[in-house]
Amino acid sequence: MSHSLPLLQADCANCFALCCVALPFAKSTDFAVNKPAGTPCKNLREDFRCGIHTRLRDQGFPGCTVFDCFGAGQQVSQVTFGGRDWRTHPETRGEMFDVFPVMRQLHELLFYVDQALALPDAAPVHPELRRVLAETEQWTRADAAALADLDVAALRGRINTLLLKTSELVRAKVPGRKKNHRGADLMGARLSGANLRGANLRGAYLIAADLSRADLRTADLIGADLRDANLRGADLRGAVFLTQPQLNAAHGDPKTHIPPTLTRPTHWT
């Protein structure tokens, strides 16, 4: 990660538990209860820590273990609002909770652009990537009113065009014909041992898919839903735009090869 960027991973100790308050969740396999946006989770303590943090999966909250704000929480808490928390400064609640999802998108975009800039094969688009990186980083330092008016969708659209070019340049180096499963419904698909090297899996639904021993080297996985996917023995080295939350949502084992920039989830066996 560039030293000029804000921290693009969660620092919960410097956040006012914004993901536990600002965001809604519905009772499902991911969450044990319903919670509307702007309402503190029932497990949130007065010190902004989770009362069941070490038991989230056992207590029916696996969705919390796979969420990552990409560092937006502490940015909003400590920079946008200067360390004023929503409990002792209740007048900040509305703005703070509205700004958090915007900041989260900005930090996610910074993460992807920073990843693209680290790929030598994407050198032809690096100048444009550096320009949007600087622009997006500047927005993360804007005040709450400016962030509330920001057209994030338009910014995301411009950046996505560059990320697509990045993906094409990187995957073009992979020999042979590459599979295109962009946005495909592959829920529960049997892809054990499949050759998906250099494949386009952008936005693919791979929920509970069997990808054990699959070759996913240099595959574009941006936005792919890997919840409960079986990655045991799979090779994800060089996977393009793979994130920690995606790994956290899947199942793997010691034979799963992951990029060195990511961490092996503790629940993998």
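All values derive from a computational prediction rather than experimental measurement. Worth knowing before you read on, the calculation uses all heavy atoms, side chains too, and leaves out hydrogens, waters and symmetry mates.
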query: What do the steps show when you test Val76 against Leu147 for side-chain contact (heavy atoms from CB on, under 4.5 Å), and what is the final call?
result: CA-CA 11 Å; Val76 171; Leu147 287 167; over 6 Å; no
message: Is there a side-chain contact (heavy atoms from CB on, under 4.5 Å) between Arg156 and Glu108? Walk through the geometry before answering.
response: CA-CA 10 Å; Arg156 181 179 287 276; Glu108 183 181 24; 3.4 Å; yes
field: CA sep, side-chain torsions, deciding dist, call: Asp47, Arg45, salt bridge (Lys or Arg N to Asp or Glu O under 4.0 Å)
entry: CA-CA 5 Å; Asp47 62 357; Arg45 303 189 317 202; 2.9 Å; yes
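The 12-atom threshold is not exceeded at CZ of Arg190, counting heavy atoms of other residues, nucleotides or ligands nearer than 6.0 Å. By the neighbour-count criterion of 12 heavy atoms within 6.0 Å, atom CD of Glu91 is densely surrounded, having more than that number from other residues, nucleotides or ligands. The environment of His53 atom NE2 is sparse: at most 12 non-hydrogen atoms of other residues, nucleotides or ligands sit within 6.0 angstrom.
Between Thr218 and Val170 the shortest side-chain heavy-atom distance falls below 4.5 Å. Using a 4.5 Å heavy-atom cutoff, the side chains of Asp68 and Thr243 are not in contact. Counting only heavy atoms from C-beta outward, the side chains of Leu109 and Val132 never approach each other to under 4.5 Å. The closest side-chain heavy-atom distance from Arg217 to His257 is not below 4.5 Å. Taking the side chain as every heavy atom from C-beta outward, Leu206 and Leu191 approach each other to under 4.5 Å. Side-chain contact check for Pro124 versus Leu169: some heavy-atom pair is nearer than 4.5 Å. No side-chain heavy atom of Leu242 sits less than 4.5 Å from a side-chain heavy atom of Leu216. Between Trp139 and Leu150, some side-chain heavy-atom pair lies under the 4.5 Å cut-off.
For residues 195-209, the side-chain hydrogen bond (donor to acceptor under 3.5 Å, both in side chains) pairs, not counting sequence neighbours, are Asn160-Arg202, Arg202-Asp220.
Within the 3.5 Å criterion, the main-chain N or O of Gly157 finds a donor-acceptor partner in the side chain of Thr161. Proximity of a side-chain donor or acceptor of Gln74 to a complementary backbone N or O of Gln9 within less than 3.5 Å is detected. In this structure, Lys178 contributes its side chain and Gly176 its backbone to a donor-acceptor pair below 3.5 Å. The backbone N or O of Ala116 sits less than 3.5 Å from a side-chain atom of His126, completing a donor-acceptor pair. Judged purely by atom type and a 3.5 angstrom limit, Lys35 has no side-chain atom pairing as donor or acceptor with the backbone of Lys42. With Arg264 contributing its side chain and Ile258 its backbone, the two residues share no donor-acceptor pair below 3.5 Å. At distances below 3.5 Å, not a single donor-acceptor pair connects side-chain atoms of Gln75 with backbone N or O atoms of Met103. Ser212 places no side-chain N or O within 3.5 Å of a backbone atom of Ser192 that could act as its donor or acceptor partner. Thr256 contributes a side-chain N or O that, together with a main-chain N or O of Gly233, makes up a donor-acceptor pair within less than 3.5 Å. Remark: the backbone N or O of Ala249 is not paired with any side-chain donor or acceptor of His267 at under 3.5 angstrom.
Pairing each heavy atom of Asp151 with each of Ala154, the nearest pair is OD1-N, 3.1 Å. The two residues Thr80 and Ala144 make their nearest non-hydrogen contact at CG2-N, 3.9 Å. Looking at every heavy atom in both residues, Gly238 comes nearest to Pro259 through N-CG, 4.5 Å. Pairing each heavy atom of Leu18 with each of Gly73, the nearest pair is CD1-O, 3.9 Å. Pairing each heavy atom of Ala250 with each of Ala229, the nearest pair is CB-O, 3.5 Å. For the pair Ala219 and Leu201, the tightest heavy-atom approach, listed with the atom from each and the gap, is CB-CD1, 4.3 Å.
Once rounded to the nearest 0.5 Å, the distance linking CD of Gln244 with OG1 of Thr261 reads 8.5 Å. Distance check, rounded to the nearest 0.5 Å: CG of Leu119 to OG of Ser167 gives 9.5 Å. Separation of atoms SG (Cys69) and CG (Asp11) is listed at 9.0 Å; rounding is to 0.5 Å. Between Leu163 atom CG and Phe241 atom CZ the span is 4.5 Å, to the nearest 0.5 Å. The line from CH2 of Trp268 to CG of Asn248 is 8.5 Å long, rounded to the nearest 0.5 Å. Taking CG from Leu236 and CG from Leu262, the interatomic distance works out to 9.0 Å, rounded to the nearest 0.5 Å.
Using a 4.0 Å cut-off between charged side-chain N and carboxylate O, Arg141 and Glu137 make a salt bridge. Using a 4.0 Å cut-off between charged side-chain N and carboxylate O, Arg87 and Asp85 make no salt bridge. Using a cutoff of 4.0 Å between basic side-chain nitrogens and carboxylate oxygens, Asp235 and Arg237 are scored as salt-bridged.
Val240 and Leu221 sit in two unconnected hydrophobic clusters of ILVMFWY residues. Membership requires side-chain heavy atoms under 4.5 Å apart, directly or through other members. Under the 4.5 Å side-chain heavy-atom criterion for Ile, Leu, Val, Met, Phe, Trp and Tyr, Phe25 and Phe97 are members of distinct hydrophobic clusters. Under a hydrophobic-cluster definition in which Ile, Leu, Val, Met, Phe, Trp and Tyr are linked whenever side-chain heavy atoms come within less than 4.5 Å, directly or via other members, Val152 and Leu129 are assigned to the same cluster. Note on Val21: it does not cluster hydrophobically with Ile52, by side-chain heavy-atom contacts below 4.5 Å among ILVMFWY residues. Side-chain heavy atoms closer than 4.5 Å link hydrophobic residues (I, L, V, M, F, W, Y) into clusters, and following such links, possibly through other members, connects Leu155 to Val99.
For Asp149, there are no side-chain contact (heavy atoms from CB on, under 4.5 Å) partners two or more places apart in sequence or in a different chain. Ser28 pairs by the side-chain contact (heavy atoms from CB on, under 4.5 Å) definition with Asp30, Phe31, not counting sequence neighbours.
Classified by interplanar angle (parallel below 30°, tilted 30° to 60°, perpendicular above 60°), the ring pair Phe70/Phe111 is tilted. Between Phe67 and Phe100, the angle of the ring planes lies from 30° to 60°, which puts this pair in the tilted group. Between Phe16 and Phe48, the angle of the ring planes lies from 30° to 60°, which puts this pair in the tilted group.
Under the 3.5 Å distance criterion, with hydrogens and angles disregarded, a donor-acceptor pair is assigned to the side chains of Asn230 and Arg232.
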